[in-house]
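Predicted, not measured: the structure shown is a model, and the values here were computed from it. In what follows, chains carry the letters A, B, and so on, assigned in the order in which the sequence lines appear, proteins first and then strands, with residues in each chain numbered from 1.
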Amino acid sequence: MNNKKMVGIAAVSVLVVVLMMSVLGACAPTPAGPKTLKIGGIGTLSGPISEIGLAWQRGWQLCFDKINEEGGLKIGDDTYMIQFIMEDNKMSGEGAVTAATKLVYEDGVKFLMGDPVVDWITAPIYSVTSKAGVLHAISYMNVSASTPGSFADVGPDKPLAIRLNVAMDECFRPLFEYLAEAYPDVKTISFTIIDFPEYGPFAEICTALAEEVGLKVVGTTERFSMDTQDFYPVMTPVLENNPDAVFSIVALVQHGLQLKAARELGFTGPLFYPVPADPGVALRIAGPGSTDLFGAALAIDAPNMPAQIKEIEERWQAKYAEEFVSDAVFAWDVAWILAQTIEKSQSLEPQVVLETFETLTAPGSLQSLFGPAHVGGLKTNGVNRVLVKPTPISRLIDGQGELAGFYTNEIP
Amino acid sequence: MPELSGNVLVQGLINGLSLAWIYILIALGLTLILSIMKIMQFAHGEVYMIGAYVVYSLTVINGLNHLLAMFISMIVVAVLGLFLERFLFRPLQGKLLPCICAATGLMLILQTSAVLGFGLSTKHVPNLWLGVFNLLDWVIPRDRFGAVLISLALTSLLYLFLKRSRYGQALVAVAQHREGAILQGIDPNLMSAMVMAIGSGLAAVGGALAGGIFMLSPFMGGMALIKGILIIVLGGMGSLSGVVVAGLILGLSDSLVPPVFGSAVALILPLIIIIVILVIRPWGLFGHE
């Protein structure tokens, strides 16, 4: 063989090898990059209660940040990074519909959380998500299906909605039981309730609960508006009947204003409330030595706060460098439960995720920041689509916040 | 109708008086500005809010004495009033619609500035005086009592200023007949600047007092403005006595109506009272036909 022929054979061989390698290379599976899963949130980001909406937005975002840092959601062979998109409901049902429409039809979210404050904004969100086949993950509820007149809670009539938080009225029982346990000398109680029409049955429900734990209700229930800041006119008639304790269904930081008025009018007993408002906030209003105030909330400065919750505060400080609002913890928990459910379903189809959620009825099927959680509600709501998790109770004692504990909640 | 016991009535009266005097401070400024400058300062509630935030930053952030902080706030906000008069309202004087637009825009700018500067979270100014004292078995909160004293003192000073000082008389003259006052050599721009400074300073003190009793929020000015407008409409445009009497009616109604009729009625009853009075006297209680 001459040299020319040898070079020709070598060149053809190299070409064949290169071609084969290219073909084989093209056939081999390439590692796929992470995909994006869009999740939407709706809350009030403007106006007087925007502090709460902003805290929820940040809590949701911080949770998804952590999930993304840890590698995202694993669905089958794919990995999804969560892109969280928040919209403002402008504190109106109409605003909620606009926000939901934008998230569903423009952004293409398949999972939508909200509203974190009021039921009459939660309900309109569902009117958009249900038509679009999007799963509505209700984030907070004031009046659950256990109270007559509830209109926004999950049920058989809302086939694409789940609730990922314990409702405000579902916290009544743990609070009354805690009152009986922590304040055995309390024998009489009075109520003050915000005058939302849907809160009408609460006086009767609370009376029954009080009687169950051996308390006598004294006086008539005093009602006040959401805008009330001056609680002298509310607390004066309440304290006329000398109750040993006062249960107050308040909004935002009204617990501090009520405590201030009650203490100034000479009331020394415990005052408690069912909303997730940090009792420590009351210190700024009612004075540094404020005591015996407790609620279904987190006293974020409590020395015994679990590390997992402290971590949320640290992440908040690192990212936003602003005063921490404890509502963010409740928001984080909702986002975390939703992420767990999606991962357990191994699907991004809202219907499949919902069906998976309905099966998680064994205690500990899900993990919440407040302890083991599961799904319930079949008897109360007619469907198993309500998250059951422990209720945190925190209190102020001599100006210091403390976490009393996480109390079992049953939603049959 | 629920029973109104003696204690509830007396506590309501005490409470109503303190509320009334805070309302009066806001309405005094508003009525002065309206009388002299012929504009409705829709951002007056936000001026009141800024006054409260100045006190908050001086006391909570810088640890200054509360009374001193309130005095500084009054001066700072009065200077803000001067600035607004010179660069915003004076060029628009006599132009109704641009004035309304400017005041409304200013309202939003001040609200947003407060959100950016202090965040959305509700704040609280430390109490002027914490705790209560008892007078004839009635509980009197020190902070509310202090608010009444301070407001009463400022209102009295304003009254003396208007009745006894040369500048005060000049203000009254401009309010009564602007052209006549100008012919007498009174500078209307100086008078406008003066009422903006006085009105803003009074609103600042009102905000600081309310911030100690209630809460601070960038949106606290809205309700204050509504109360202020109700008072000057009820009392009669430009009447100081009218402002005081209407402020007392509104304050007492806000504190006495809720325990008897409930909060829903409390929201509408003052408006019904005002409508009835205005039907009988369209120029208000102390206004002129």
Side-chain angles (χ1 to χ4, degrees), chain A residues 44-55 192-197 219-241 252-254 256-257 260-261 263-267 277 281-289 320-325 327, chain B residues 2-12 14-16 18-19 22 56 60 111-112 115 118-127 130-134 138-144 210 212-220 222-223 251 254-260 262-267:
Chain A
T44 304
L45 298 176
S46 52
I49 67 158
S50 48
E51 178 188 3
I52 308 295
L54 190 67
T192 69
I193 301 178
I194 203 161
D195 60 359
F196 290 151
T220 53
T221 299
E222 289 297 319
R223 297 196 182 259
F224 53 90
S225 80
M226 192 182 171
D227 301 323
T228 302
Q229 290 210 10
D230 184 3
F231 279 95
Y232 264 70
V234 177
M235 295 311 290
T236 308
V238 167
L239 301 181
E240 280 278 281
N241 300 295
L252 302 173
V253 292
Q254 285 180 323
L257 292 163
K260 180 172 182 273
R263 294 289 182 251
E264 286 180 350
L265 289 166
F267 176 65
V281 172
L283 290 173
R284 297 180 210 155
I285 300 165
Y320 304 113
E322 274 183 27
E323 187 182 359
F324 183 62
V325 180
D327 294 71
Chain B
E3 197 182 324
L4 187 66
S5 75
N7 185 41
V8 174
L9 179 68
V10 173
Q11 282 304 149
I14 294 166
N15 183 45
S18 61
L19 281 183
I22 292 173
Y56 170 80
V60 176
Q111 270 181 14
T112 310
V115 170
F118 296 96
L120 281 165
S121 62
T122 44
K123 308 269 190 293
H124 187 73
V125 172
N127 288 83
L130 203 58
V132 294
F133 66 90
N134 291 306
W138 301 315
V139 178
I140 301 186
R142 290 177 200 276
D143 55 357
R144 288 170 192 247
I213 296 171
F214 308 123
M215 291 181 298
L216 264 81
S217 121
F219 309 100
M220 67 191 277
M223 190 50 80
D254 279 1
S255 62
L256 288 173
V257 173
V260 186
S263 58
V265 177
L267 286 174

What are the two closest heavy atoms between B/K123 and A/E323, and how far apart are they?
NZ-OE1, 4.3 Å

Pairwise distance [atom1]([X]) to [atom2]([Y]) - rounded to 0.5 angstrom:
| X | Y | atom1 | atom2 | answer |
| --- | --- | --- | --- | --- |
| B/M215 | A/I285 | CE | CD1 | 5.5 Å |
| A/K260 | B/D143 | NZ | CG | 4.0 Å |
| A/E264 | B/R144 | CD | CZ | 7.0 Å |

Given that the side chain runs from C-beta out, which part of B/L19 has a heavy atom under 4.5 Å from chain A: side chain, backbone, both or neither?
side chain

So, do [X] and [Y] sit near enough that their side-chain heavy atoms are less than 4.5 Å apart?
| X | Y | value |
| --- | --- | --- |
| B/F219 | A/S50 | yes |
| B/D254 | A/D230 | no |
| A/P233 | B/N15 | yes |

Contacting moiety of A/L54, where chain B heavy atoms sit under 4.5 Å
side chain

